[in-house]
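Note that these values count all heavy atoms, side chains included, but never hydrogens, waters or copies made by symmetry. Note that ligands are numbered from 1 as they come in the structure, with each ligand's atoms numbered from 1 the same way. Since the structure is predicted, the reported quantities are computational estimates derived from the model, not experimental observations.
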Amino acid sequence: MTIEKVTAHAYPTKAFFVRMITRDISLEDCVLDLIDNSIDSAWSREGSHPMMLTDNTNLSGYKISIEASSERFVIRDNCGGMSLDTAADHAFSFGRNATADQEHYSIGVYGIGMKRAVFKLGANIKVRSTFKETNGNRLAFAVPIDVNQWLENNDPPWDFDIIEDDRLEEDGVEISVTELSASSESSLSSPAFLQNLRRTIARDYSLHLQRGLKISLNGEWISGWAIELRQSDEYQPMRELYEDEVNGDAVSIEIIGGMAAPPPEDIEPDESNEGDRRFGWYVVCNGRIVLAADKSSITGWGTDDWPQWHYQYAGFIGIILFTAANAAALPLTTTKRSVDTSSEVFRRARPKMRQVSKEWIAYTNQRKQALQEAKQKESEAVAVPIASVAARKSVNLPTFQTRTSEKMANIGYSVSAQRLRKLAQEFGNINMTYRDVGLKSFDYAYDDLVGVE
Ligand SMILES: Nc1ncnc2c1ncn2[C@@H]1O[C@H](COP(=O)(O)OP(=O)(O)OP(=O)(O)O)[C@@H](O)[C@H]1O
Ligand SMILES: [Mg+2]
C-alpha cells in the first residue's frame, strides 16, 4: 500500500500569534514588556554591562512616557530607537533567532514581548523609530500594522511594511495602539487598573528608578520604591555574592536579607497596614524585579521543613538578584512575572534563601521572651539602602534570655549515699547525678500526691 501524503503541515497560523500567545499574559504584564524593551535599549546605549546593585550607571537622561485611555495606548521613549536593520531582521519576527547575539545583560530574551503586547492591546498598531545611523544621520521609519487585514491571509511570507516617517523629537521608539480590544479598553479606562499599574511600575522598576530613569503614566512621574533594610550593632543584614553557571553561561547571584521593619504588634494582620505588601522575598533578573514580596512556595515558604508564611514573620525582606550576559540563563518565566522554579540556578539558590528566612523565623519566636527589650533594640536600627549593606555570610540578630515570672524554691538536704544509689537504680540509671535523683524523686512524689499537671 502506498500513502498519498508524506508530510504533515506544521506551519503556524497568524491567528495563533494574535489570539493564543496573548491569552496567558495580563495587560499589565504586556505594558511591562514594552517598558522592558525601552530599558534594554537604554542599557545597551550605556554599554550593556552587568546591572549589579553596586553599579552606579546614571539613567537620568532616559524617559519613558505612557499614555493610556479608553481610546488609545501610547508608549514613547528616548532610549536610542531601533535601527532599520533591527526592524527588518528580527524585531518583528516571532521568537528570537537562535543566532542572534544574546550577550546584552538584557531582560528581553524570547523575541515575543512587543508583538504579544501590541496584539493584546488592539488592532491598529504603529511602531515608530528614530535612530542615529553610524554616520550620525538621524533616520526615521514606521511599521504600521492593521491586524485584521494582516489576519486575512495566512500565506508566507509574513512581513510587515516599513515606511518612511517624520522624525520623533528625540531618538527613540513610539508605539501607539488604537482600535483597542474590549478588555484593554475597559482596563485602560479604569482608574483602579491605572493606579495598580503605577504601583507595579514603582515597585518592579525600583532599581532603575533609583538610578534616575524617568517613567510617567498619563503625565505623572512615578517615583520608585526604596528597598531598605535596618541596621545597627545587633541587627545586621546578610549579603553574599557568588557565581553559578547554566549551560556554560555565567550567572552572578547576590542574596541580601534581614529586618526591613520590626515584626508586627498584632497577631492578626491589620488590613490598613501596608506591611504585608512589602515583606517577603524579591527575585530580580538583570535588574528587573520579576517577583515581589513573595510569601509562596515559589520562594520556599511551606516547602520541605520551611514553614508557611505567617503574619508573625512580617518585617523580613530578602532579595535575590540574578545577573547574566545571556538572559536565557536567568530563571524567568515568559511573562516575566514569576520565577521558573525548574531552573537549576534558582534551585541551587533556595537553600541559601532558606537559611536567611529561618534565622528571621527563629528571631520572631524568641523575641517574644523579652518583647519590650526587643522593640527597643529594633527601633534603634536604622534603615539603609540595600546597595550599601556590607557583605556578611549570615544575618546577625540579637538573642534574648528566657524570663519567667514564677518564684522558684531551692531544695537542699543530705541522705545516705547507699540509699540514693538504690533509688537511682530504681529510676533506671544507677549512675544518675545526685541532682537528677533529687528532681526525679520530687516529680515522682508530686505526680503521686498532687497529680500530673
Ligand atoms: N523601545 C525599543 N527600543 C529599541 N529597540 C526595541 C524597542 N522595542 C523593541 N525593540 C527591538 O525589538 C526587538 C523585539 O522585541 P520583543 O519584546 O518582541 O522581544 P525581546 O525583547 O527580544 O524578547 P522578549 O520576548 O523576552 O521581550 C528587541 O529585541 C529590540 O531589538
Ligand atoms: Mg522584550
Tell me which part of [X] gets within contact of ligand 1: side chain, backbone, both or neither, using heavy atoms under 4.0 Å.
| X | answer |
| --- | --- |
| Ile175 | neither |
| Asp77 | side chain |
| Ile112 | both |
| Arg96 | side chain |

Taking atom types as modelled and ignoring hydrogens, do the side chains of [X] and [Y] form a donor-acceptor contact shorter than 3.5 angstrom?
| X | Y | value |
| --- | --- | --- |
| Asp294 | Ser296 | yes |
| Gln355 | Glu359 | yes |
| Asp36 | Tyr205 | yes |
| Ser357 | Trp301 | no |

Output the list of atoms in ligand 1 that are nearer than 4.0 Å to some heavy atom of [X], sorted by atom number.
| X | result |
| --- | --- |
| Lys336 | 24 (P), 26 (O), 27 (O) |
| Tyr110 | 23 (O), 24 (P), 25 (O), 26 (O) |
| Asp33 | 27 (O) |

Specify the protein heavy atom at minimum distance from [atom]: its residue, its atom name, and the distance to 0.1 Å.
| atom | answer |
| --- | --- |
| atom 18 (O) of ligand 1 | Lys115 NZ, 2.7 Å |
| atom 9 (C) of ligand 1 | Asn37 ND2, 3.6 Å |
| atom 19 (O) of ligand 1 | Gly111 CA, 3.2 Å |
| atom 12 (O) of ligand 1 | Ala91 CB, 3.2 Å |

[X] vs [Y] aromatic rings, parallel, tilted or perpendicular, using cut-offs 30° and 60°?
| X | Y | answer |
| --- | --- | --- |
| Phe119 | Phe94 | parallel |
| Phe316 | Trp360 | tilted |
| Tyr313 | Trp309 | perpendicular |
| Trp150 | Trp158 | perpendicular |

Review point. Mind checking whether Met82 and Phe92 have side chains closer than 4.5 Å, heavy atoms only?
Key: yes
Quick check: [X] and ligand 1, any N/O pair under 3.5 Å apart?
| X | answer |
| --- | --- |
| Val109 | yes |
| Gly108 | no |
| Met82 | no |

Check your understanding: Within Ser106, is some N, O or S atom less than 2.8 Å away from the Mg ion (ligand 2)?
Key -> no
Exercise for review: Kindly indicate whether a cation-pi arrangement holds for Lys352 with Tyr242, taking the cut-offs as under 6.0 Å to the six-membered ring centre and within 45° of the axis.
Suggested key: yes
